[in-house]
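This report refers to the structure that appears directly beneath it.
The figures that follow rest on heavy atoms only: side chains count, while hydrogens, waters and symmetry mates do not.
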Amino acid sequence: MNAIRKTPAALALGCALLLAAGCGALPDKPARATLYDFGPGPAMAAAAPAAATLPTLSLAEFESNSRLDGTQILYRLGYADANELRPYGQSRWSLPPSQLLRQRLRDTLSERRMVLGPEEAATISRGRGQAPDTLRISLDEFSHYFESASASVGLVRLRATLVRSTAAGDRVLGQRLFTVRRPAPSADAPGGVKALISASDAAVAEVVQWVDQLQQQQPRQ
């Protein structure tokens, strides 16, 4: 019996069918995580920035525990185990929460004063012989907190310290713990994000008011 000869066209068709069958067996590409930030902020609604009327302030880099240094959106099941921090699988912050919160605080403080970073403040201190007051923030909690299976809040807790450098050394003008909760509209990552942004904006407003009062009560001589 004569062997059946396959033409090049038939061979090409067979390869194409094999490739098609193989492609159908490949796993789907992993879903890309949704990225969130704090948005443009309430200050964007202002027609023009307010004139600087308060003393220059140095804003230090935020301190935070190692779990808050990443970009995961974290939640706690307070009704089950409040000590365990859990990450949402397919949702992330665009930057670590401490960086997003620091930028929001700096933008808000800058509406009424000049705000400098640590290096800028050091340069001015060397040039003028006097350093601006320094605001230091420790971010202790930043999570979507479930009080029950159906009720949750965005929970932000931070510690603020205002320090003044003098010829005799650093002096603490004040220190305060701020804890803010805001209800979440849904029991998922998008709901947690909205609640945490709302809680962050409220915490920022409280910190700014506190700093303003301290500097007005204790003006630099």
Side-chain angles (χ1 to χ4, degrees), residues 36-46 49-65 67-69 73-76 78 82 85 93 95-118 121 132-147 151-164 170-185 191-220:
Y36 294 93
D37 60 19
F38 278 17
M44 294 298 293
T53 59
L54 294 173
T56 299
L57 186 70
S58 172
L59 181 60
E61 297 295 335
F62 277 30
E63 297 179 359
S64 63
N65 64 55
R67 194 64 191 272
L68 297 180
D69 288 339
I73 298 175
L74 302 172
Y75 67 94
R76 294 182 189 269
L85 273 173
W93 295 110
L95 293 169
S98 59
Q99 294 184 31
L100 292 171
L101 189 54
R102 183 180 184 275
Q103 185 59 54
R104 185 70 113 210
L105 178 58
R106 181 167 186 166
D107 290 345
T108 305
L109 286 167
S110 297
E111 293 176 6
R112 297 181 59 198
R113 54 158 53 84
M114 181 181 295
V115 181
L116 305 175
D133 294 342
T134 299
L135 178 60
R136 298 172 181 167
I137 301 289
S138 173
L139 182 60
D140 299 330
E141 181 69 21
F142 197 87
S143 67
H144 184 190
Y145 186 86
F146 284 82
E147 298 166 331
S152 60
V153 298
L155 177 58
V156 175
R157 184 170 63 249
L158 55 85
R159 187 181 305 276
T161 306
L162 188 62
V163 178
R164 175 167 294 170
D170 290 346
R171 180 166 65 92
V172 175
L173 298 183
Q175 186 179 80
R176 181 177 164 186
L177 180 65
F178 297 84
T179 302
V180 180
R181 296 175 174 84
R182 288 295 182 269
V193 165
K194 288 181 173 62
L196 282 166
I197 293 173
S198 178
S200 295
D201 285 338
V204 163
E206 290 185 20
V207 170
V208 170
Q209 182 180 27
W210 175 75
V211 170
D212 290 352
Q213 291 174 347
L214 281 179
Q215 288 194 312
Q216 291 169 356
Q217 292 169 0
Q218 305 181 59
R220 186 181 287 275

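In this structure Asp37 satisfies the side chain to side chain donor-acceptor pair (under 3.5 Å) test with no other residue, sequence neighbours excluded. In this structure, the salt bridge (charged side-chain N to carboxylate O under 4.0 Å, His left out) partners of Arg106, at least two apart in sequence or on a different chain, are Glu120. Legend: residues meeting side-chain contact (heavy atoms from CB on, under 4.5 Å) with Arg176, ordered by chain and number and at least two apart, are Phe178, Glu206, Trp210. Looking at residues two or more places apart in sequence or on another chain, you find no side chain to side chain donor-acceptor pair (under 3.5 Å) involving Ser98. Under the ring-ring contact (aromatic ring centres under 6.0 Å, His included) criterion, Tyr36 pairs with no residue at all, not counting sequence neighbours. For Ser200, the side-chain contact (heavy atoms from CB on, under 4.5 Å) criterion is met by Phe38, Leu101, Phe142, Val156, not counting sequence neighbours. Annotation: side-chain contact (heavy atoms from CB on, under 4.5 Å) contacts of Gln209 (sequence neighbours excluded): Gln213. Here Arg102 pairs with Glu61 under the salt bridge (charged side-chain N to carboxylate O under 4.0 Å, His left out) rule; sequence neighbours left out. With sequence neighbours excluded, the residues forming a side chain to side chain donor-acceptor pair (under 3.5 Å) with Gln103 are Asp107, listed by chain and number. Ala202 is linked by a side-chain contact (heavy atoms from CB on, under 4.5 Å) to Val180, Arg182, counting only residues two or more places apart in sequence or in another chain. Residues that satisfy the ring-ring contact (aromatic ring centres under 6.0 Å, His included) test with Tyr145, not counting sequence neighbours, are absent from this structure. The side chain to side chain donor-acceptor pair (under 3.5 Å) test applied to Arg164 returns Asp133, not counting sequence neighbours.
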Open item on the list: With side-chain contact (heavy atoms from CB on, under 4.5 Å) as the criterion, how do Leu57 and Leu162 come out once you've worked through the C-alpha distance, each side chain's angles and the decisive distance to 0.1 Å?
Closed with: CA-CA 10 Å; Leu57 186 70; Leu162 188 62; 3.8 Å; yes
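The closest side-chain heavy-atom distance from Glu141 to Thr179 is not below 4.5 Å. Side-chain contact between Val208 and Leu105: present, with at least one pair of heavy atoms (C-beta onward) separated by less than 4.5 Å. Within the 4.5 Å cutoff, the side chain of Leu54 has no heavy atoms near those of the Val211 side chain. By the 4.5 Å heavy-atom criterion applied to side chains, Leu74 and Leu68 are counted as neighbours. Between Val115 and Ser110 the shortest side-chain heavy-atom distance falls below 4.5 Å. When side chains are defined from C-beta on, Leu173 does not count as touching Gln217, because their heavy atoms never get closer than 4.5 Å. The shortest side-chain heavy-atom distance between Val207 and Leu158 falls under the 4.5 Å cut-off.
Minimum interatomic distance between Arg181 and Leu155 (heavy atoms only, all atoms of both residues): CG-CD1, 3.6 Å.
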